[in-house]
Novice: 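I'd like to ask you about the structure that follows.
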Amino acid sequence: MTLDDLVGKNVIEERIKRIYERDKEINSVLRIEKVEGNKDGNYFGIPFLVKDNILVEGTKTTNGSKILENYNSPYTATAVEKLLKAGFTVVGKTNMDEFAMGNTNEHSAFGPVKNPKNLNRVPGGSSGGSAAAVAAGYVPFSLGSDTGGSVRQPAAFCGVVGFKPSYGMISRYGLTAFSSSLDQIGVFANNVKDVRTVTEIMKGKDPKDSTTLEHDKDLVKDVDIDLSQTKICIPKVVYHENADDNVIKQFERVINFLRSKGAKVDIKDIPELEYSVAIYYIIAPAEASSNLSRYDGVKYGLRNHALGLNKMYKATREGGLGIEVKRRIMMGTFNLSSLYYDQYYSKASKVRKLLSNKMKEILNDYHLIMTPTSPVLPPKIGEKLKPLDYYLMDIFTIPANLTGSPAISIPFGDVQGLPFGIQFIGRYMKDEELLTIADNFFKETPRELKNYV
């Protein structure tokens, strides 16, 4: 069922009831907070959920953190405003890794989210609540944010579609900043068609966000390309030593399926991709340490009183921030320090440029780069992994954020009873091309592989 099938049917109260009935065990929705859309809009009566780092006036925006537990949104994000104008209704805010820092949605001050497909497994992060809510059938679509794969990876883990548009396609005004040069609002849905519809409504130049760009192509309309004309590049880094053997076997099935449809699929060595995780974990924490400095107990949010300003800062941040956020702030502050700026942040920025140039070069010859969305299957909740093991979960998704490229995760059956997702990375600001190919792929995939069953 697509959004078009729901037009004219007011299903809001039915879906809210479903959340109340089932979400106690999943914990994907933090609060039911209804903000009604335009009654004259084409999509009135259709609900959606919003990740709790995106502002919606009339709701709280906690960022999954104790430090903002009682923060009321003073305005509405541009992307949400456009959806409300089209008639869609916000019905609540979704759980997330604190300040969007995490890969499993266990780093929330309000408890972990469980994967609806297997309650013993994580849903992925940091937008795990939004992915789980769609997978559980609460809403036809939801919004998340993607800084290094935080829409695509949970989409893969939960067996739904997750799309990160080109950087600048959708306004970030009203999205809490984590890493400003990487952050992007993205969409979860059960099919590519709905992703196209929602992204088309949200896209466009915003005077409140100087990084936004005009895009004159209609994302809902197909461009003239089918799978038999598609040229696909697979980087050798896919066969990384940390990749799960069963994931690689399923990936090979995708390659065979595409070749059976006439697509050209080549494997190429792109050595620059091997540095993407290292680049990301220098640049993203550095930008985060700057963006999160505003949470000091003075301006808004939690204040833990202590004698003296420095002690108040320390007490507030100690009590209000979780371990993963503290870890990344410390990493970022170190990377930006005067002693190490040139050695780390400056060098990472230069290598990021080299990676961008190489990706552009590859995508001049190919329509897209293809990888598994994640090198591993969803870990068990509470499974003890080293921080580096968590960070390497993003090895395939990070390059799209570093280069600003559009990227999408599409479900392709299951591996050992767990959802599996395939990732397409497209050409910058050619989102209409990527979405056409992705939609064709989704439609032509055998029914039993379209969604996790």
Side-chain angles (χ1 to χ4, degrees), residues 103-104 115 117-118 121-125 131 148-149 152-162 227 230-261 263-278 280 359 362 366-380 383 385-386 388-400 407-426 437-438 441-442 444-446 448-453:
N103 306 68
T104 62
N115 191 323
K117 307 303 184 185
N118 185 320
R121 301 281 176 161
V122 303
R152 289 158 287 150
Q153 186 244 36
F157 281 6
C158 291
V160 297
V161 177
L227 290 182
T230 304
K231 294 185 289 184
I232 300 168
C233 175
I234 296 171
K236 281 186 179 177
V237 74
V238 161
Y239 302 96
H240 191 271
E241 61 183 12
N242 288 326
D244 186 301
D245 288 343
N246 293 301
V247 166
I248 297 302
K249 286 178 185 175
Q250 185 74 349
F251 183 65
E252 295 288 347
R253 293 188 184 102
V254 178
I255 295 173
N256 292 335
F257 169 73
L258 284 165
R259 284 177 172 158
S260 74
K261 295 294 179 181
K264 179 186 178 184
V265 183
D266 294 332
I267 298 173
K268 284 191 170 292
D269 188 19
I270 311 175
E272 291 85 350
L273 288 176
E274 296 178 19
Y275 301 101
S276 58
V277 174
Y280 177 87
M359 291 269 283
I362 292 291
Y366 295 88
H367 294 105
L368 56 90
I369 293 170
M370 184 175 79
T371 70
T373 307
S374 171
V376 296
L377 298 171
K380 292 179 179 177
E383 188 173 336
L385 297 175
K386 296 175 184 177
L388 184 58
D389 293 330
Y390 279 115
Y391 298 163
L392 285 171
M393 286 184 194
D394 293 337
I395 191 169
F396 300 146
T397 54
I398 281 172
I408 190 168
S409 177
I410 307 166
F412 194 89
D414 66 89
V415 176
Q416 295 184 317
L418 296 169
F420 171 82
I422 196 76
Q423 177 185 229
F424 293 161
I425 300 174
I437 296 169
F441 175 81
F442 184 81
E444 294 195 31
T445 299
E448 67 272 15
L449 297 175
K450 261 188 180 81
N451 293 90
Y452 171 82
V453 178

Novice: Show your working on side-chain contact (heavy atoms from CB on, under 4.5 Å) between Asn103 and Ser374 and close with a plain yes or no.
Specialist: CA-CA 11 Å; Asn103 306 68; Ser374 171; over 6 Å; no

Novice: State, yes or no, whether a side-chain contact exists between Pro411 and Val160 at a heavy-atom distance under 4.5 Å.
Specialist: no

Novice: Given Tyr366, which partner from the list Ile232, Ile425, Asp266 fulfils the side chain to side chain contact (heavy atoms under 4.5 Å, CB included) test?
Specialist: Asp266

Novice: Is the closest side-chain heavy-atom distance between Pro235 and Thr371 below 4.5 Å?
Specialist: yes

Novice: Would a 4.5 Å heavy-atom cut-off, applied to side chains only, mark Asp414 and Lys117 as touching?
Specialist: no

Novice: Give, for atom CG of Asn115 and atom NZ of Lys380, the distance between the pair rounded to the nearest 0.5 Å.
Specialist: 14.0 Å

Novice: Looking only at atom types and distance, does a side-chain atom of Gln423 sit under 3.5 Å from a main-chain N or O of Phe396, one as donor and one as acceptor?
Specialist: yes

Novice: If every non-hydrogen atom of Ile398 is compared with every non-hydrogen atom of Ser276, which pair is closest and at what distance?
Specialist: CG2-O, 3.6 Å

Novice: Can you find a heavy atom in the side chain of Pro123 that is under 4.5 Å from one in the side chain of Pro154?
Specialist: no

Novice: Hey, mind stepping through Met359 and Leu273 against side-chain contact (heavy atoms from CB on, under 4.5 Å) and telling me if it holds?
Specialist: CA-CA 9 Å; Met359 291 269 283; Leu273 288 176; 4.0 Å; yes

Novice: Search all heavy atoms of Asp244 against all heavy atoms of Asn246 and return the closest pair with its distance.
Specialist: OD1-N, 2.7 Å

Novice: Using 0.5 Å steps for rounding, measure from the CG atom of Asp245 to the CD atom of Gln250.
Specialist: 13.5 Å

Novice: Could you go through the side-chain contact (heavy atoms from CB on, under 4.5 Å) check for Asp394 and Val277 one step at a time?
Specialist: CA-CA 7 Å; Asp394 293 337; Val277 174; 5.7 Å; no

Novice: If we ignore hydrogens and angles and just use 3.5 Å, is the side chain of Asn118 paired with the main-chain N or O of Leu418 as donor and acceptor?
Specialist: no

Novice: Would you say that Pro375 contacts Val247 through its side chain, given a criterion of any heavy-atom pair below 4.5 Å between the two side chains?
Specialist: no

Novice: Quick check for you: to the nearest 0.5 Å, what is the distance between Glu383 atom CD and Thr104 atom OG1?
Specialist: 10.0 Å

Novice: Do Val254 and Phe441 come within less than 4.5 Å of each other through their side chains, counting heavy atoms only?
Specialist: yes

Novice: If we ignore hydrogens and angles and just use 3.5 Å, is the side chain of Gln153 paired with the main-chain N or O of Thr373 as donor and acceptor?
Specialist: no

Novice: Nearest 0.5 angstrom please: Met370 CE to Ile437 CD1, how far?
Specialist: 12.0 Å

Novice: In Å, rounded to the nearest 0.5 Å, how long is the span from CD1 of Ile408 to CD1 of Ile422?
Specialist: 12.0 Å

Novice: Are Asp389 and Pro379 packed together at the side-chain level, in the sense that at least one heavy-atom pair is separated by less than 4.5 angstrom?
Specialist: no

Novice: On the 0 to 90° scale, with breaks at 30° and 60°, tag the Phe257-Phe412 ring pair as parallel, tilted or perpendicular.
Specialist: tilted

Novice: Indicate yes or no for a side-chain donor-acceptor contact from Ser409 to the backbone of Ala155 under 3.5 Å, with no hydrogens or angles considered.
Specialist: no

Novice: How long is the gap from CG on Leu377 to CD on Gln416, to the nearest 0.5 Å?
Specialist: 6.0 Å

Novice: I need the minimum non-hydrogen distance between Ala156 and Pro419, along with the two atoms involved.
Specialist: O-CB, 3.3 Å

